[in-house]
There are 2 protein chains.
Amino acid sequence: MVVDFTVGQADVDRVFHALADATRRDILTRVIGEEQSVSALARRYAMSLPAVQKHVGVLESAGLVQKLRRGREARVSAELERIRLVRELLDRYEQLWRHRVVAMDHLLTDRPAK
Amino acid sequence: MVVDFTVGQADVDRVFHALADATRRDILTRVIGEEQSVSALARRYAMSLPAVQKHVGVLESAGLVQKLRRGREARVSAELERIRLVRELLDRYEQLWRHRVVAMDHLLTDRPAK
DNA sequence: CTATCGTGAAACCTTGTGGTTGTAGATTTC
DNA sequence: GAAATCTACAACCACAAGGTTTCACGATAG
């Protein structure tokens, strides 16, 4: 694989899949702003608690979020490293693109690209 | 929504969903490297042509890829802008995180954060 | 101790996704 | 013109996803 490094493809799959839902992205931003309990999060959405629990579960198994049991409530907090990892992956795509453009430029002008 | 700008949530959904599959990410990198026809792509994977067509379709409706009919073949090429857009979205998350840390610092030290 | 709150997990339903095969339409090539 | 190639689309299937309701359990509050 050209665009991948330490993490496995399945991990990347999970991260992108976790981000492919507006509710989950919203949960993530809320949790980045401030740690929150699952039910505190759930009160903000027009869906049942278990549904929100599942969303948090998806974010957690993607490594984007951490869930710590604090007394009777489960505090959800963001894992910045994972977000940064994905962003770097996207950077790689842009680098690939730049390489391609350079190569095409080289091809067309028949001299080393600027 | 805090972390979103010009594009709708549904668009973001589609982009992340499109990237949440190893085959599609591989197609994208190949196409970034060089425009390719659908069947040329299909030969590289252990799946039927229609399956690859569907993957390309997903990438296309996410705006990550463009499909142009060139004679009897369909040339698939990458759309860098969309990739860059997603990366910027991820940047926003990191900025949120930084704001949070600054705010907490402010809270703890009881003076304007550095 | 009891009542309540937050959580977790199972069972279930509906829809979407990724894959298949099969058929058919255009475009080149011989 | 016939044959080969590339594409497109429909029907179908198995399974995963997102949602629901229900039940049960640990922790706090009165």
Side-chain angles (χ1 to χ4, degrees), chain A residues 1 8-31 34-78, chain B residues 1 8-31 34-78:
Chain A
M1 282 317 120
Q9 292 285 358
D11 294 300
V12 182
D13 285 9
R14 275 186 231 108
V15 172
F16 279 120
H17 172 251
L19 292 172
D21 181 286
T23 302
R24 284 195 291 263
R25 287 194 302 274
D26 197 69
I27 290 177
L28 186 57
T29 68
R30 284 222 161 86
V31 158
E34 181 180 12
E35 282 189 10
Q36 296 194 24
S37 73
V38 175
S39 55
L41 286 168
R43 281 183 222 109
R44 295 187 157 99
Y45 304 100
M47 67 181 75
S48 67
L49 204 232
V52 175
Q53 279 180 308
K54 282 190 184 180
H55 282 306
V56 171
V58 171
L59 287 167
E60 189 182 18
S61 64
L64 288 166
V65 135
Q66 200 181 0
K67 194 167 56 173
L68 295 183
R69 197 79 189 234
R70 191 82 176 174
R72 76 175 153 184
E73 61 183 17
R75 278 292 182 71
V76 182
S77 59
Chain B
M1 283 314 124
Q9 292 285 356
D11 295 300
V12 181
D13 284 9
R14 275 186 231 108
V15 173
F16 279 120
H17 171 252
L19 292 172
D21 181 286
T23 301
R24 285 195 292 263
R25 287 193 303 274
D26 196 69
I27 289 177
L28 186 58
T29 67
R30 284 222 162 87
V31 159
E34 181 181 13
E35 281 189 11
Q36 297 195 24
S37 72
V38 176
S39 56
L41 286 169
R43 282 183 220 107
R44 294 189 157 100
Y45 304 100
M47 67 183 74
S48 66
L49 205 230
V52 174
Q53 279 181 308
K54 282 191 184 180
H55 282 305
V56 171
V58 170
L59 287 167
E60 189 182 18
S61 65
L64 288 166
V65 135
Q66 199 180 1
K67 195 167 55 173
L68 295 183
R69 197 76 189 235
R70 191 84 177 172
R72 78 175 153 184
E73 60 184 15
R75 278 293 181 72
V76 182
S77 60

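First the proteins, then the strands, lettered A, B, ... as listed; each starts at 1.
In this structure the side chain of B/Asp11 reaches within 4.5 angstrom of the side chain of B/Arg14, judged on heavy atoms. Proximity of A/Leu28 to A/Leu19: side-chain heavy atoms (C-beta onward) are separated by under 4.5 Å at one or more points. When side chains are defined from C-beta on, A/Ile27 counts as touching A/Tyr45, because their heavy atoms get closer than 4.5 Å. Side-chain contact between B/Thr29 and B/Asp26 is present, with at least one heavy-atom pair separated by less than 4.5 Å.
The interatomic distance linking A/Arg25 (CZ) with D/dG18 (C1') rounds to 15 Å, in whole Å. Rounded to an integer number of Å, the gap from CG of A/Leu49 to P of D/dA24 is 18 Å. When rounded to the nearest whole Å, the span between CZ of B/Arg75 and P of D/dC6 equals 12 Å. To the nearest angstrom, P of C/dT17 lies 17 Å from CZ of B/Phe16. A/Arg14 has its CZ atom 11 Å from the P atom of D/dA17, to the nearest Å. Nucleotide C/dG19 holds its P atom 4 Å from the CE atom of B/Met47, rounded to whole Å. Regarding B/Ile27, its CD1 atom lies at a distance of 12 Å from the C1' atom of C/dG18, rounded to whole Å. If you measure from atom CG of A/Asp21 to atom P of C/dT17, you get 12 Å, rounded to the nearest angstrom.
Between B/Thr23 atom OG1 and A/Asp13 atom CG the span is 8.5 Å, to the nearest 0.5 Å. Note that CD of B/Glu60 is 11.0 Å distant from CD of B/Gln53, once rounded to the nearest 0.5 Å.
Scanning residues 34-46 of chain A for heavy-atom distances under 4.0 Å to DNA chain D yields an empty list. Taking a 4.0 Å limit (strictly below) on heavy-atom distances, residues 59-74 of chain A reaches DNA chain D at A/Gly71, A/Arg72.
Donor-acceptor pairing under 3.5 Å is recorded for the side chains of B/Arg25 and A/Gln9. For the residue pair A/Gln36 and A/Arg44, a side-chain donor N or O sits within less than 3.5 Å of a side-chain acceptor on the partner.
Under 4.0 angstrom from either OP1 or OP2 of D/dA8 there lies at least one side-chain N or O belonging to B/Gln53. Of the side-chain N and O atoms in B/His17, one or more sit less than 4.0 angstrom from OP1 or OP2 of C/dG18.
Distances from the side chain of A/His55 to the nucleotides D/dG18, C/dT17, D/dA11 place D/dG18 closest. Which of C/dG18, D/dG18, C/dT20 sits closest to the side chain of B/Ala51 comes down to C/dT20. The side chain of A/Pro50 approaches C/dA9 more closely than any other nucleotide in the set C/dA9, C/dT21, D/dG18.
In terms of heavy-atom proximity, B/Glu35 sits nearest to B/Ser77 at CG-CB, 3.5 Å.
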